[in-house]
Amino acid sequence: MSETLTAEQKVIRPPLLNGGHGFKWVSENVSGIIQGKTPIWWWILFFICAPIGGAGMSLLVYQVSTGVGVWGENQPVGWGWDITCFVFWVGIAHAGTLISALLLLTRQKWRTGIGRAAEATTVFALMCGAVYPAVHIGRVWFAWYLAPIPNQYGMWPNFRSALLWDVFAVNAYLSVSAMFWLMGMIPDFATLKTRTSSPWMRRVYHILSCGWTGSAKNWRHYEMAALCLSGLSVALVFAVSSTVSFDFSTSVIPGWHTTIFPPYFVIGAIFAGMCMVLTIFIPLRAAYPQLKDIITLAHVDRMAKLLLMAALLVDYVYTSEFFMAYYGGNPYERHLFLSRYFPEYGPLWFYGRFMLFCNLFLPQLLWIRPIRKNLLLLFIICQFGTVGMWFERFVIIVPPITEDFLPSSWHIYHPTWVEVGTFAGTLGLFFTLVLLFIRFIPIVSIAELKGALPQADPHGEHKTQLTIP
Amino acid sequence: MKRVFHHPEAPKGGKKYWRSSEELSELAQTPEFQQAVEREFPVGAAEFDQDEVSRRHFIKLMGASTALAGLGLAACRRPTLELVPFSNGVEWAIPSKPVFYTSSMPSPRGFIPLVVTTNDGRPTKIEGNPLHAMSNGGTDVFAQASILSLYDPDRAQNFLQNGQLSSEKQFTDYLQQVLPTLAADGGAGLAFVVERNTSPTRERLRDLIATKYPQARWCVYEPLGDDLYRQAAQIGFGDGVLPQPVISKADVIVSLDSDFLNAVEGTPDMARDFSNRRRVEKVGDKMNRLYAVENRFTITGGMADHRLRLPASQIGAFAVALAKKLGDPTLAPLADAINKSVQTAQIPDDWVSALAEDLVAARGRSLVLVGERQPVAVQLLGFGINQVLGNVGATLVGKPLTEKPSVSLASVASDIDDKKITCLVMIGGNPAFNAPVDLNWDKLQDKVSHIIRLGMYVDESSQGAHWHVPAAHYLEAWADGRAVDGSYVSVQPMIMPLFGGWSELDLLAFFAGLPKPKSSELIQDTFKQLAAAANFNDAWVKFLHDGFLAGSAAGERPLFFQTTAAAMYVGEHSSTPALMGEDAYEVVLVPDAKLIDGRYANLGWLQEMPDPVTQLTWDNAAIVSPATAKKLGVREHKVGVEVHDVIEIVFEDQRRLEIVALPVPGHADHSITIALGYGRKAPGYISKGAGVNAYPLRTSAEPYIALGAKVRKTDRTYPLALAQDESHMQGSLFVREATLEQYEKQPNFAQVAGLDAEAVNSVDIYTRPTYNAPNQWGMVVDLNTCTGCNACVIACQAENNIPIVGKEQVLKGRRMHWIRMDRYFASADNDDTNPEMVIEPVMCQHCEAAPCEAVCPVNATVHSDDGLNVMAYNRCIGTRYCANNCPFKVRRFNFFNFNERPIQDHDLYKGPLTPFGMKETLKLQKNPNVTVRMRGVMEKCTFCVQRIEMARIATKVKAGDSDDVTIPVDSFKSACQQACPSEALVFGDIKNPESKVSKLRASDKNYELLKYLNLHTRVTYLARLRNPNPKMPGADQVAGYEWNVKES
């Protein structure tokens, strides 16, 4: 096919690894991050994040011992920061899977540089998110009622409840993404095993690499498993996001009860996840200069474009929702949408407006190439995007139940320091896990990156060029 | 001993009243029984000395009370005061089966006839006595809450001498020492200050005391009672007679600042009579018409067909204007006499004209009621107007006044000041807290050498007393009294005094030289005089069984209005006061709808009950109109506003008060209403910190309406816990309302209003489950008769063990009431200064297609076969998803362990660091048939499933092997229904077409809330009707807000 293309039509893609490095460079530099000396900034960040994470998690002890009342929820507003943060973290989790699994399925080789870290954000974000459904309930010690355990009373969970689907979906997602992530690490642990001098670490890596020998048979199974799991993961991204959205869309509350939610949540998740992945990569490139050749500016540019695309989709949903509130003629829904943005209709207008600023207006800057290339600006936009997505979840969840049908029950909700602290705790937990990941696991998939090098393909560059449109 | 079982026969779904069985008295006489009784617990074992009382001790007491009830009544001639442990209980007392006794609750206006439910010897619930003519089984909030006052852990528990722990023995020794010295000069140094009470036994004791101490003073003191009304009645109609309105006969009622539908100023029978005349079942039914002229919204004003807001000080001017319009020469001297000074408020002439015309048209069928807080002159003018309208003798009838004259508190105060009084006996009342400020009562108490105080609490007055005697609750002591209609009613003890308290009669008997009554002997003696029955025993037993003496209601006394005397008094004493200038305000001091004068300040149920109009809990506030608020610069309440501005009120004579201001629509401008009874200084776990004491503004001269206040906003703010933040319906017709005329034109207006008109006819995608039980429960709420009195709210709280949560949590929006009163202000124009007020009780609607059930992940809320939406507390894990998805927001979540942890002082947030466990006495109040919910569990209205089950069990027992397990129609009531004096809540079997609820559901006024959601609610509402006078200005606006019904 390449013969049919003229020279002008031929798109020369930038190489996936800058600097023309070889296999050895990859092994040494990626493993070097783990096997080298722990940098001082790592310790500083670790001792900031870990205590915040620990303190935040210990607030859960307070909450469970004293009552959900230590949070700010009240009679009309049964869910506040807890479910907001849960949906927020689940959203962040999705980008990792999408980048890694979806790009694997579509054979986008540029994923190799960023896949591992993206998957890590998935797993860690899910762990943070899973904190909430587990402890937001009034009687945590009876959470096992959610499990379909056969019993002599014939009592089962309510399979009609979206919350139950949610439990299954998140659990399935967490296990599949963890499996996908850990499985991808097997060849790398084998590499580490050969490189380590400590006999103890060798034993550890031996176990972690599951006796990997690098045989053709190993590789065949490995690649098939990766394909299957990535297929599952992608399906799960859509399923989990949609299921989380069913918590709201299967209800009767105006503003929750809407069919747009499943795609809305998926798109929102991609947007939030992209922001989070960039939030991790941009500083990482600064911290480990050798990564600049692996996570290239081209990667960053592509992710920024994806981010812009996700933002446009999100904006489309906002517009459509607003239009439907007007066009649907439901007075309760109309009131809700007005109260989201206009102070004369309700007290929560700020959240709606700030959400639009972060997710609608700011991402439009990414149309401009110099801004996409400017890592600092990009980083800032991503921060706003992350915050904006948190606001979006808040706006989806809280205002509809603050002011729903009977005005007599309308009541405002304020978070307490306990909720804020718990969320800070999950942030601390997340970044602690990220830091541990940086120190103990190859942040780039060594095996996959090697496979994507020109040297790995004896049949020439044209093939590589053609796979990337 | 061969056991003979005498179980009460199974109730046929209904209830059984007090039983005094012959067999019991026989049984009680058997030596075995008495021996068993004596052996186990000797007399006196029930003395409570400390707060920390063991559970065992309480069980003993419970047993004791059962035995007392049984033995004491059956063998009333030789009352036996023995304690029986519950394990050796008398045969007929079946554990866990409630026993019902009649009694009545003392109230200054007349005793309220009651039926008290006792469970295992402890009274747990109070209902009206439907056998009595003054009751249809309904009650008011105070009767409902009185059960809690019995178990209040803060009640006085000991005899105190100068604040130090003492004993009953020491007290009686002291009295025996002091009394002879008092008797020496005929009791010249002795004064009694008592509460108003219609007890004939008390009158009898008073006479006995008077023979021993002829010089003793007897002062009846009700701080916020109907003294002005009584004074006016005495001037206008002479001694010995008290005019009483007959609401049931009045077609046109004018309330001049009279909140007669509220339990503070009225009685449950007034609400009942009023509602009976409002009930419209079909086209063609007639309604009465109510006009209200008042300065603040009251629930009476909310029920009114026409309402005029006017400063309270200008009500007199209105009465004059009305009198002039009536043009009767009889009224001229009165009106002229009253009309001396300047009138400042605008009284719309066309309003008065139309009103006068309507009144004249309804001669003899109209009624003008003047509020108890209005000056005597205005009261007299009100009587005069009734006189010329021919209402006296028709809708205003005379009732004999049995109470002998007594001296005023002011004269007692001046005698104390002159050191004439050496021994002051204060029974109830709390003058140190609530006497007019110019009496300086708390300083006076230092001038008396012997102060004896009998009180339920060691309150402000007790703190300055030499002796404090713990008072027995009315559920702990024998007494008697007269109901509003003058009938003789009984007061029976349900339980032995928890804290060894003395009743009022015990103390008075001591002064009368009688031994402390062991049982009912005092009452029996009075009964013998009053009943003059041939067979005393039978008559007495029937008296206790029925709760009243049949045929003892007082007959009518003729009323003659003495115009000349009235005009003379008015001419000498009064005038319509003028509001002084633009920046001067009137301050109207009113009894609180929850605490009255402060006596119920320590009752959590009442503190947390939202005021029916302002929705305020746990506080009082200065209520102002929105226009006044704007002028003062204080903020209005809306969703998200949690603190309010504090204003400072200053009078020329330095009386001043800082209090938070709360704007409420429909209030008169230049007028400030403050509820009294808050800001208690006496220790009390509940009352501390609640509100501001406004009594320092109250003088003898201006007890209720104080003029010439200067008001300014301060920089301080104060959080107010309102139960409802949004007062407008936002264009959705949750309360549907029309005029009688519109209803006659389009009877189904309520069914085609609002979104219901747009909604597609009920389409179900899925087949809805059918419910096959023989009974299908449902409820209809008649918005036309519901006054919003809150009796159902408290009844539900008592029946269903609903905890209080404290101000902090109400502020957060976490109150637990299963039934709530939604109050909306409604008008065609949102800026209307005089909107209508509508009240709508909302509880779980028991949707057949319930949104809450679908979303619960653990099936903790499901549907029962008889149509109830039921909660399985044990299964609930507390996701709160159901509450989120409830369109009516009636689900209540236990955010904390409200039952087991202290709720004040931010203690809920201290979790495990605070003491765990409910106060022992409060445990006794709990209904044993209802689970006390723990933290983390969702709860809501169950339609009183425990009552349904009790009726079902009884039916099944009766049915035996037959298949007829249908509970008989209308054989029992839900707690809210039972408490409602207006019969606005009707619960029953909707499957049976004969049931009351089925008939109401078939009404053309019947509508569902949020019908467009296709929920098939089991609770439906009957639309409200108003009956405006077409000639009245603004009559076309009545019930006219957003009334966009589609023509069908």
Side-chain angles (χ1 to χ4, degrees), chain A residues 62 65-79 133 136-143 145-146 155-158 160-167 247 250-253 256 329-332 335 346-348 397 400-414 416, chain B residues 638-640 642 724-732 734 755 758 809 812-815 820 822-824 840 842 851 853-860 875-881 883-885 887-889 891-897 908-912 934-938 1009-1010 1013 1015:
Chain A
Y62 173 48
S65 68
T66 305
V68 183
V70 300
W71 289 352
E73 283 136 352
N74 54 36
Q75 228 72 257
V77 187
W79 291 344
H136 90 284
I137 60 175
R139 303 200 296 170
V140 179
W141 47 98
F142 287 127
Y145 285 173
L146 289 163
M155 273 198 302
W156 291 92
N158 180 7
R160 291 185 299 165
S161 168
L163 205 61
L164 191 75
W165 314 337
D166 205 5
V167 171
D247 282 348
T250 61
S251 77
V252 299
I253 304 299
W256 280 14
N330 183 326
Y332 308 107
H335 172 84
L348 296 174
I397 293 166
I401 41 180
T402 305
E403 300 195 348
D404 63 353
F405 295 104
L406 270 57
S408 62
S409 295
W410 293 0
H411 197 82
I412 196 169
Y413 153 81
H414 298 296
T416 62
Chain B
K638 59 178 184 182
V639 181
E642 284 168 351
Q724 185 178 339
D725 290 338
E726 179 57 58
S727 298
H728 291 279
M729 275 188 273
Q730 306 284 336
S732 297
F734 298 116
L755 272 185
E758 322 271 342
Q809 297 300 310
K812 286 228 173 229
R814 293 172 179 170
R815 70 183 172 121
R820 61 166 200 259
D822 286 358
R823 183 271 288 122
Y824 297 110
E840 179 171 47
V842 180
E853 288 169 16
V855 299
C856 174
V858 293
N859 268 329
R875 180 72 178 168
C876 178
I877 60 172
T879 65
R880 306 186 292 289
Y881 197 1
N884 286 339
N885 205 25
F888 308 100
K889 292 287 174 279
R891 288 181 157 261
R892 299 286 176 253
F893 186 65
N894 287 277
F895 282 95
F896 289 105
N897 211 339
L908 285 169
Y909 291 86
K910 294 171 195 151
M934 77 176 299
R935 112 174 122 91
V937 170
M938 191 62 74
L1009 283 184
L1010 297 175
L1013 289 176
L1015 304 168

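Letters A, B, ... mirror the listed sequences (proteins, then strands); counts begin at 1.
The closest donor-acceptor contact from the side chain of A:N74 to the backbone of B:K812 lies under 3.5 Å. Proximity of a side-chain donor or acceptor of A:R139 to a complementary backbone N or O of B:V937 within less than 3.5 Å is not detected. A:W410 places no side-chain N or O within 3.5 Å of a backbone atom of B:K638 that could act as its donor or acceptor partner. With B:R880 contributing its side chain and A:H136 its backbone, the two residues share a donor-acceptor pair below 3.5 Å. For A:N158 (side chain) and B:C856 (main-chain N/O), a donor-acceptor pair under 3.5 Å exists by modelled atom type. Distance alone, capped at 3.5 Å, is enough to place a donor-acceptor pair between the A:Q75 side chain and the B:F893 backbone.
Side-chain contact between B:P912 and A:T66: present, with at least one pair of heavy atoms (C-beta onward) separated by less than 4.5 Å. Proximity of A:E403 to B:Q730: side-chain heavy atoms (C-beta onward) are nowhere separated by under 4.5 Å. The closest side-chain heavy-atom distance from B:L1009 to A:F405 is not below 4.5 Å.
Considering all non-hydrogen atoms of both residues, A:Y62 and B:Y909 come closest at OH-O, 2.5 Å. Contact record, A:W156 with B:N859: O-ND2, 3.2 Å, taken as the closest heavy-atom pair. Here the closest heavy-atom approach between residue B:F896 and residue A:G69 is recorded as CZ-C, 3.2 Å. Closest non-hydrogen pair, A:V77 versus B:N884, comes out as C-OD1, 4.1 Å. The two residues B:I877 and A:I137 have their closest heavy-atom pair at O-CB, 3.4 Å.
Highest contact tally toward chain B, considering only A:L146, A:I401, A:L163, is held by A:L163 [criterion: heavy-atom pairs under 4.5 Å]. Each of B:S727, B:A854, B:C876, B:G640 has some count of heavy-atom pairs under 4.5 Å with chain A, and the biggest count is that of B:A854. Of all the listed residues (B:G911, B:P857, B:G936, B:P851), the one sharing the greatest number of non-hydrogen pairs under 4.5 Å with chain A is B:P857. The candidate with the highest count of non-hydrogen atom pairs below 4.5 Å against chain B, out of A:V140, A:L164, A:V167, A:V252, is A:V252. With respect to chain B, the highest number of heavy-atom pairs below 4.5 Å among A:F142, A:W256, A:Y332 belongs to A:Y332. Counting heavy-atom pairs closer than 4.5 Å to chain A, the top-ranked of the candidates B:K910, B:R891, B:R820 is B:R820. Ranked by heavy-atom pairs under 4.5 Å with chain B, the list A:H335, A:R160, A:E73 is led by A:E73. The greatest number of non-hydrogen atom pairs below 4.5 Å with chain B, out of A:L406, A:L348, A:D404, is found for A:L406.
Residue B:L1010 touches chain A through its side chain alone, counting heavy-atom pairs closer than 4.5 Å. Of the atoms belonging to B:L908, it is backbone heavy atoms, and not side-chain ones, that fall under 4.5 Å from chain A. Neither the backbone nor the side chain of B:M938 comes within contact range of chain A; no heavy atom of the residue lies under 4.5 Å from a heavy atom of that chain. Within the 4.5 angstrom heavy-atom criterion, atoms from both the backbone and the side chain of B:E853 approach chain A. Residue A:P331 touches chain B through its side chain alone, counting heavy-atom pairs closer than 4.5 Å. Within the 4.5 angstrom heavy-atom criterion, no atom of A:D166 approaches chain B. At a 4.5 Å heavy-atom cutoff, the contact between B:P887 and chain A is made by backbone and side-chain atoms alike.
Annotation: the span from B:Y881 atom OH to A:T250 atom OG1 amounts to 3.5 Å, rounded to 0.5 Å. Summarising the geometry, atom OG belonging to A:S409 is positioned 11.5 Å from atom CD belonging to B:E726; distances are rounded to the nearest 0.5 Å.
Evaluation of the ring pair (Phe, Tyr, Trp, His ring centres under 6.0 Å) rule for A:Y413 yields no partner, not counting sequence neighbours. Residues that satisfy the side chain to side chain contact (heavy atoms under 4.5 Å, CB included) test with B:R875, not counting sequence neighbours, are A:Y145, A:M155, B:V858, B:A860, B:A872.
Under the 6.0 Å cut-off for aromatic ring centres, A:W71 and B:F895 do not qualify, their centroids lying 6.0 Å or more apart.
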